[in-house]
Amino acid sequence: MKDPSLPVQEAVFAALTGSAALATAFGGTPRVFDRVPIDAAGRVTARFPYVAIGEDQVTSEANACFDAASIFVTVHVWSRAVGKVEAKTIMAAVCLALDVKLDVDGFGVIGHEVETGPQHLTDADGLTSHSVVTFRYRLAPAAP
């Protein structure tokens with residue numbers, strides 16, 4: 001089976017940027033990145049809050065009768081608002097947008113679930129709230 005990671009990333013990005021709930025949580029167009037902008041010194045230049053499509057991992061679930069894989073996709077929310085309300089509100093909208101059967105080019109989604117999280121953290125700087133969730137999508141190649 002071909003690697004589903006790029007089509008899944010594209011589907012996740014489309015679901016997040018097209019989510020009315022996420023737009024409401026942001027009070028406008030959501031800022032969603034697969035690579036958060038940084039300056040030459042390595043400091044984040046993106047305006048807070050934002051969502052980052054993070055790590056993914058593909059595992060084969062193929063057998064003699066069926067070609068399938070699971071992909072685990074981690075999504076991060078970053079906020080500098082006081083407290084965790086903003087990060088938790090945005091994460092709730094992320095979960096609404098992604099806990100669905102995504103439209104993945106070249107693949108059929110045969111299952112989806114929240115694998116871990118959401119987890120809500122305070123970064124070491126003491127200022128930044130960071131929420132994390134990992135979704136699992138089970139995929140099979142689309143029928144020709």
Response to the item:
Closest heavy-atom pair, E115 versus F72, reported as atoms and distance to 0.1 Å, is CD-CE2, 3.7 Å
Worksheet entry | Closest contact, heavy atoms only, V36 versus A46 | CG1-CB, 4.0 Å
Discussion item. When you compare the side chains of Q9 and D34, does any donor N or O come within less than 3.5 Å of an acceptor on the partner?
Written reply: yes
Discussion item. R35: which residues meet the salt bridge (charged side-chain N to carboxylate O under 4.0 Å, His left out) condition with it, sequence neighbours left out?
Written reply: none
Item to complete: Could you state whether V109 and V114 fall into the same hydrophobic cluster, counting links through intermediate Ile, Leu, Val, Met, Phe, Trp or Tyr residues with side-chain heavy atoms under 4.5 angstrom apart?
Response: yes
Practice prompt. Scan for salt bridge (charged side-chain N to carboxylate O under 4.0 Å, His left out) pairs involving residues 132-144, sequence neighbours excluded, and state none if there are none.
Written response: E61-R136, E113-R136, E113-R138
Discussion item. Under the rule for salt bridge (charged side-chain N to carboxylate O under 4.0 Å, His left out), what residues qualify as partners of R80, not counting sequence neighbours?
Written reply: D125
Fill in: Closest non-hydrogen atom pair, A23 against P30
CA-CD, 4.1 Å
Discussion item. Is there a path of hydrophobic side-chain contacts, each under 4.5 Å between heavy atoms of I/L/V/M/F/W/Y residues, joining W78 to I90?
Written reply: no
Discussion item. For residues V133 and F26: do they belong to one hydrophobic cluster (side chain heavy atoms under 4.5 Å, members Ile, Leu, Val, Met, Phe, Trp, Tyr)?
Written reply: yes
Discussion item. Can you confirm whether more than 12 heavy atoms, excluding those of D123, are under 6.0 Å from its CG atom?
Written reply: yes
Item to complete: Check D105 against P7 and note the closest heavy-atom contact, atom names and distance.
Response: O-CB, 3.5 Å
Worksheet item: Quick one: are H112 and F135 in side-chain contact, heavy atoms under 4.5 Å?
Response: no
Worksheet item: Of the non-hydrogen atoms in L139 and I110, which two are nearest, and what is the gap between them?
Response: N-CG1, 4.0 Å
Practice prompt. Check the side chains of K88 and S79 for a donor-acceptor pair under 3.5 angstrom, ignoring hydrogens and angles.
Written response: no
Worksheet item: Is there a path of hydrophobic side-chain contacts, each under 4.5 Å between heavy atoms of I, L, V, M, F, W or Y residues, that connects F33 with V77?
Response: no
Discussion item. Starting from V132, can I reach L22 by hopping between I/L/V/M/F/W/Y residues whose side chains sit under 4.5 Å apart?
Written reply: no
